[in-house]
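Notes to accompany the following structure.
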2 protein chains.
Amino acid sequence: MSKDITIYDIAKDAGLSPATVSRALNDHPTVREKTKSKIFKIASKLGYQSNIFAANLRTNRSNNIGVIVPMLDSKFQASVIAGMETVASEAGFNLLISQSLNSQEKELANVHTMFKSRVDGLLVSQTSNEFGTQHFKPFFRKNIPVIFYDRVGNCDNCLGIVIDNVNAAYTATKHLLEQGYKRIFHVLGSEKIDVYRDRLKGYKLALIENHIAYNGDLVMFSKLSEDACEDIIEKMQELEQMPDALFVSNDGCAANCIQVLKSKGICVPDDIAVVGFNNDGISRLVEPNLTTINYPGQEMGEIAMKSLLQRLEDPSSTTLNQTEKISLRSELIIRDSSVKK
Amino acid sequence: MSKDITIYDIAKDAGLSPATVSRALNDHPTVREKTKSKIFKIASKLGYQSNIFAANLRTNRSNNIGVIVPMLDSKFQASVIAGMETVASEAGFNLLISQSLNSQEKELANVHTMFKSRVDGLLVSQTSNEFGTQHFKPFFRKNIPVIFYDRVGNCDNCLGIVIDNVNAAYTATKHLLEQGYKRIFHVLGSEKIDVYRDRLKGYKLALIENHIAYNGDLVMFSKLSEDACEDIIEKMQELEQMPDALFVSNDGCAANCIQVLKSKGICVPDDIAVVGFNNDGISRLVEPNLTTINYPGQEMGEIAMKSLLQRLEDPSSTTLNQTEKISLRSELIIRDSSVKK
DNA sequence: ATAATAATTGAAATCGATTGTATTTTTATT
DNA sequence: AATAAAAATACAATCGATTTCAATTATTAT
């Protein structure tokens with residue numbers, strides 16, 4: 001295995017010092033253009049490839065950004081990552097990605113690994129908001145920026161990129177009301193999570209605006225897992241009057257509900273309308289197609305990464321007093337499951 | 001920002017040399033146990049964190065494995081990555097992941113980035129098999145192991161981890177025949193791709209075994225995109241006799257076909273059975289649920305990573321004369337779309 | 001043409017861990 | 001106790017790029 005070409009080889013070939021070669025390759029302004037082009041020519045002639053290990057050691061930066069995701073199994077996650085990647089590679093950074101697989105233990109391990117790898121910054125969508133942010137302390141101490149997205153942790157000096165959940169739920173609920181549905185059953189994830197508290201706010205807002213009294217019996221907190229729909233439908237049927245619409249905070253769960261409802265001979269959307277959340281691929285495949293909220297994954301990824309890079313450039317911008325949030329607009333996608341034929 | 005603790009700090013505190021500290025921390029056998037424990041105690045007291053940049057430079061290894069994936073949007077991809085991650089982190093490696101988003105240009109860029117990042121090895125599921133493996137040359141030249149999985153490129157000295165496509169297609173076809181379906185329309189991706197040629201073999205094998213003549217009109221090559229199903233169904237209807245079963249090499253496409261068939265008043269599975277491939281989430285959501293082939297993502301990821309790590313340990317094992325393949329068993333999941341009521 | 005100033009380039013230290021070889025310490029043997 | 005052998009530790013070079021400060025060269029003004 002032949003040895004790698006270094007700046008010393010280039011320097012010798014060019015009759016210059018390694019210092020000048022280094023500066024030329026980094027496009028430093030004090031190097032004459034003529035010298036630069038000479039060096040670049042030799043570099044490509046010799047097939048020079050910068051040794052990032054040496055550069056990392058000297059500059060104490062890895063040019064890697066860590067990303068911790070619950071799971072890489074949806075179009076949404078894929079597009080968030082794609083957005084991040086676009087912005088990062090533009091700026092010369094790579095992504096060190098790991099899945100927490102919805103395990104807090106794994107999230108903990110991932111955070112630790114990222115720290116050992118000396119990533120320059122961290123983007124996190126948390127396993128659970130209830131997990132806290134204690135485990136990011138090593139990052140905070142070293143002033144390495146940590147930015148949350150989608151599932152956002154609460155901590156001082158942290159930034160979170162989220163969708164405007166209040167507005168999203170408001171829009172979905174309003175749509176149902178406009179279609180003439182009045183008794184809207186709303187299924188959410190854990191009450192402890194901001195995301196769902198916000199959505200509940202949006203739901204209430206739409207009701208108030210349409211002069212409909214809020215009824216706590218029509219709101220349910222659930223795990224939103226694929227098998228949670230049995231419980232959901234059971235709970236609906238226990239009510240003295242069956243709801244005429246179902247607004248579930250997750251497409252997978254909503255899709256399954258449709259299946260169960262159909263199997264019970266309940267017609268969607270005539271007997272009951274269904275609205276989901278996320279615009280998963282599933283939503284276009286259940287029968288009837290699911291009305292849902294689309295959120296801009298790509299954009300979220302881009303904004304999260306941009307914010308991170310900005311903090312790397314200007315560390316003073318990290319000094320916030322509490323979790324600051326950037327909310328993205330989401331959009332309602334109306335399909336058959338919520339429109340009376 | 002206080003300075004990081006180095007092995008020199010530990011050495012001073014322990015009254016030993018940095019060399020011994022380094023060896024102790026790496027659990028080198030020539031260091032006395034007593035010395036080791038002393039050093040570990042001091043290291044943790046001082047909050048020492050190894051500087052991987054320095055280690056990387058000295059050892060000329062990054063401890064990063066690059067992974068290039070078409071897109072991170074399915075359970076299958078997520079579980080492959082999870083499998084890789086499990087094995088890698090066990091051995092002290094991290095994953096540098098990037099999506100090619102089905103663009104050859106992007107795959108090219110990713111490969112280049114991975115090379116610049118000096119990953120110790122590369123795991124690739126290619127955008128397209130027709131893309132060739134020219135762009136991996138820098139890796140080959142430096143003897144950095146590249147292993148393909150799922151979508152496997154053809155090249156000398158390369159290993160590919162695939163499923164046993166012959167057997168998978170054989171099993172699916174046999175199942176249809178056993179259910180009494182006789183005219184099975186088989187839709188595949190490009191003829192140039194091994195994967196599909198193998199599946200065609202399996203299809204033929206099952207026919208022969210059941211004394212049914214092979215009919216080329218019943219085989220179609222397609223892009224398998226979500227909107228390809230119009231063509232598929234059109235082609236089926238052009239036949240003098242309509243097929244009674246449809247075996248499509250992709251769940252998404254198969255699911256769409258079901259939708260289109262239903263919209264045309266053709267009943268699945270009574271008029272025509274449908275079998276897909278991949279066991280995507282979709283398959284459990286179309287109506288009727290889709291019979292499909294499940295392949296072991298987690299296992300594939302684990303095996304790919306294990307093979308890679310083995311080559312890192314023993315570089316001589318890289319010397320193969322051509323693409324060698326490891327085939328994994330897949331399983332047929334029978335659901336409503338292929339079982340007559 | 002010459003001094004003064006600006007523009008380039010070079011020398012050498014540095015980042016922190018690793019490792020081949022030399023040296024010291026410990027243990028075993030007679 | 002003295003010596004040989006083995007075990008443990010230290011010295012010092014090294015990996016390759018970056019960067020401060022000093023030195024040199026080029027440019028401008030007088």
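Convention: sequence-line order gives letters A, B, ...; per-chain numbering from 1. Values below: all heavy atoms of this structure, side chains included; hydrogens, waters and symmetry mates excluded.
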Under a 3.5 Å distance rule, please check whether A:Asn102 uses its side chain to pair with a backbone N or O of A:Pro70 as donor and acceptor.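 No; judged by distance alone, with no hydrogens or angles, the pair does not exist.
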
Hey, are the side chains of A:Lys36 and A:Asp27 touching, using non-hydrogen atoms and a 4.5 Å cut-off?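 Contact flag for A:Lys36/A:Asp27 side chains = yes.
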
Tell me, do A:Tyr48 and A:Asp9 make a side-chain contact under 4.5 Å, heavy atoms counted? no

Separation of atom [atom1] in [X] from atom [atom2] in [N], rounded to whole Å:
X	N	atom1	atom2	answer
B:Asn63	C:dA17	CG	P	15 Å
B:Asp27	C:dT18	CG	C1'	16 Å
B:Arg61	C:dT18	CZ	P	12 Å

Among B:Gln104, B:Lys106, B:Glu105, B:Glu107, side-chain hydrogen bond (donor to acceptor under 3.5 Å, both in side chains) partner for B:Thr127: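 Output: one option passes, namely B:Glu107.
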
With under 30° as parallel and over 60° as perpendicular, where do the rings of A:Phe136 and A:Phe148 fit, or are they tilted in between?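 Rings of A:Phe136 and A:Phe148: perpendicular, as their planes differ by over 60°.
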
Letter per nucleotide, 5' to 3', of nucleotides 6-19 of chain D [B base touched, S only sugar-phosphate touched, - untouched; heavy atoms, 4.0 Å]: --SBBB-BBBBBBB

